[in-house]
Every structure is written in C-alpha cells, then in structure tokens.
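Notes follow the structure.
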Amino acid sequence: MLKAAIYAGHTAIQLSRGLLEEGIGVTIFGPKDRLRLYERFPALRVRLLNYNGPSQLESLADEEHFLVLTGGAVEYLTPAVVESSRIPVFGLRELVRWEADWGLKIRLLEEARIPAPKWFRSVEEVDGLAIAKLPGAKGGRGYFVTRSQEEIRGWIERAVASGLVSSPNELFLQEYVVGTPIYAHYFQSPIMDRLELTGFDIRYESNVDGLRRLSPRNIGELRESFVVTGNLIVYPRERLLEDFIELGERFVEATKRLIPPGIIGPFSLETVVTEELKPVVFEFSGRIVAGTNVYMLGSPYLALYWGREITVGSRVAMEIKMAFEQGRMEEVLT
Ligand code: AMP
C-alpha cells in the first residue's frame, strides 16, 4: 500500500490520525521548526522529514508516497512545484493552478453558475464596498476593505513595493458582500460516485472579529484585517442545507467539464449568506480546508452517509483504501 506525504501544518494532525487509523503510513515533511509540534504527540506515529527542497518530493515519490493536497502544500511548496512533481497527488492536481489564478477561478465559478460577488477589472470600476485580495492560500493576510478607489491605489502600490506580489495583475478586487460568512465543506467521492456534505465553519479572524468587542469611539483608525487565528463551528439552518448541496453539485459538475476527471476528495465553497438567505460564493478551495478541524471528533453530516461520525481525515483514508482494494487507485490519484 502507498504511504501518505503531508506538508507540516494546516490539517496535518487530522489527516494523519485518519490515515493511521486505516493502516496507511504517514510522513509529515516541512521546515525543521514546524516538525517539533508533531514530535510532542506520542500517539501520532508519523515519520517526520526535514524538507529541503522540491527534489525531496521526487524522493518521496520513489519511496511510494502520494501527496495529500492541503493549504500548506499549495502555499509553501507553491503551485508550480506541486504541478511539476512526479509524486502522485490525492486530489485534482491541476486544480491547484486554477486556484492560484483569479482569472481561472472566476471562469470555474461562472461555469458552475454559482451566485458570486461582482468583481472589478480595474480600480476605476469599484462602485461600492470592495475587498482587495492577494493571490494564494494566505489565510486572509493582507486583504483590505474600502469604498475608496484612492485607498485601493495606495494599497496596490504598497503590495507591489513590499514584494507581496510582483505585479498588480495578481491582485483581485471584489464586491464586499454583507452577510454572515459560512464556509461549506464537501467530499467528492469517485469511488462511491457521490458528493458528501461534511460540515461548515466560520473563520475567527484578527482584527475583524476583535473590532466588534470595541465601541466605535475606541476603534479610531484601526482597520479590519482578516488574518485567520482559528475556526468556529456553525450549523446553518436546515432549510439552507439543500442550497449548499446544490452549490456543491454544480461546482463538481463544472470541474468535470473544465478540468477532467473533475474534483477528487475534499473541497470548500466559501460563502456569505445574505439576509435574503442566499449563499453567495466569494471563494473556493479545491482541497481540504483547515475549517474541517472543527469536527476533529467526527462530522455529524458524514454520519448521515456512513452511520458513524468520522473526520474528513478518516474519509480521505477510507477513499484511498477502497480505491486500493478495488484496484481503482488511478481514479483518486492524479
Ligand atoms: P478568504 O481568504 O478569501 O477566504 O477571505 C478572508 C476573509 O474575507 C473572510 O473573513 C471572508 O469572510 C472575507 N471576505 C472575502 N471575500 C469577501 C466578499 N466578497 N464579501 C464579504 N466578505 C468577504
């Protein structure tokens, strides 16, 4: 049986537990200072590997590992390395590139006919509350909300000058939708040929969540920022579940049409639910999201498919095991 390689951080603990329980060996790799955490937990029987560059991914491939796509893999290995490596990937490898490119991202959401916020091709088009975003899985870091074109121009200059991006084209300007953020998590199973709803979370962010603890008179010059510090559980109203499932299904079908064979395994649609009870999808992640850590003891929604609460980490492991036993590994690895 193959072994799993997981980049240190993000959902490494959840994934490792699930994989180990299903008898799949795990190597967590990353910079030395990131590995220390995993040494502290004796029941987490993983191999730890000090990551020293892309060639190590090839060595992991030679040692019969597959890579589990995570936010850490995308952000720290970089999409280019993930795409060009020989290591088999659990998930849709090509989607990493779509996720890192705002143009492709919009194309996929449009193909899926999913309600999404307006987006602006230039600063001059901004005609209301807008959010300016950086590329990649940076956990909200560096985002900026404003109504002012002038302020956006300043922000773009600073982002380029500080090296956060190499060109203004990498930045993205989107309508800021007022409502409650709800992040929906799914698992697309090629082996069962079905979409499973796995759960929901809300991000807990500095300073946007901290600011509401202060009265307006104390907020003064402080600005919203969206650095993720943790995740909270949220249970959407039951009447919203059908809407969320349909959005997930449309997304899966769009990936099948544009990036065959389509998405494999966990993914997330990041939504704001408006007062009309409409989820508006402002972002997606084509791999496991850290928000699934909120049900580290098992997902009550996955229990509706499997009869017991399991984590997304376990669900990943079950898919790989079923694929292995049925000789269908090529359907879950790309
Ligand atoms: P992201 O990193 O894209 O998931 O977004 C980081 C934060 O910005 C989250 O708290 C979102 O709720 C918020 N956000 C991002 N895009 C939008 C949008 N278009 N409208 C409202 N909030 C947004």
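In listed order, ligands and their atoms are each counted from 1.
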Location of contacts on Y183 toward ligand 1, heavy atoms closer than 4.0 Å:
side chain
Using a 4.0 Å heavy-atom cut-off, say whether F282 meets ligand 1 through its side chain, its backbone, both or neither.
side chain
[X]: numbered ligand 1 atoms lying under 4.0 Å from its heavy atoms:
X	value
F226	7 (C), 8 (O), 10 (O)
P117	19 (N)
I131	8 (O), 14 (N), 15 (C), 16 (N), 17 (C), 18 (C), 19 (N)

Using a strict 4.0 Å threshold on nitrogen-to-oxygen distance, state whether E150 and R153 make a salt bridge.
yes
So that I know where these two stand, are F200 and F244 an aromatic pair - ring centroids less than 6.0 Å apart?
yes
Among R203, E283, E270, which one puts a heavy atom closest to atom 2 (O) of ligand 1?
R203
Of the listed options (E205, Q174, K118), which comes nearest to atom 10 (O) of ligand 1 when hydrogens are ignored and any heavy atom counts?
E205
Consider only side-chain N and O atoms of S285 and E270, and report whether a donor and an acceptor are under 3.5 Å apart.
yes
Counting distance only, does the side-chain N/O of R93 pair as donor-acceptor with the main-chain N or O of V82 below 3.5 Å?
yes
Got a donor-acceptor contact below 3.5 angstrom from the E83 side chain to the V96 backbone?
no
Distance-only N or O hit between ligand 1 and V272, under 3.5 Å:
no
Where do R203 and E205 land on the salt bridge (Lys or Arg N to Asp or Glu O under 4.0 Å) test, with the steps shown first?
CA-CA 6 Å; R203 289 200 187 159; E205 292 161 325; 3.6 Å; yes
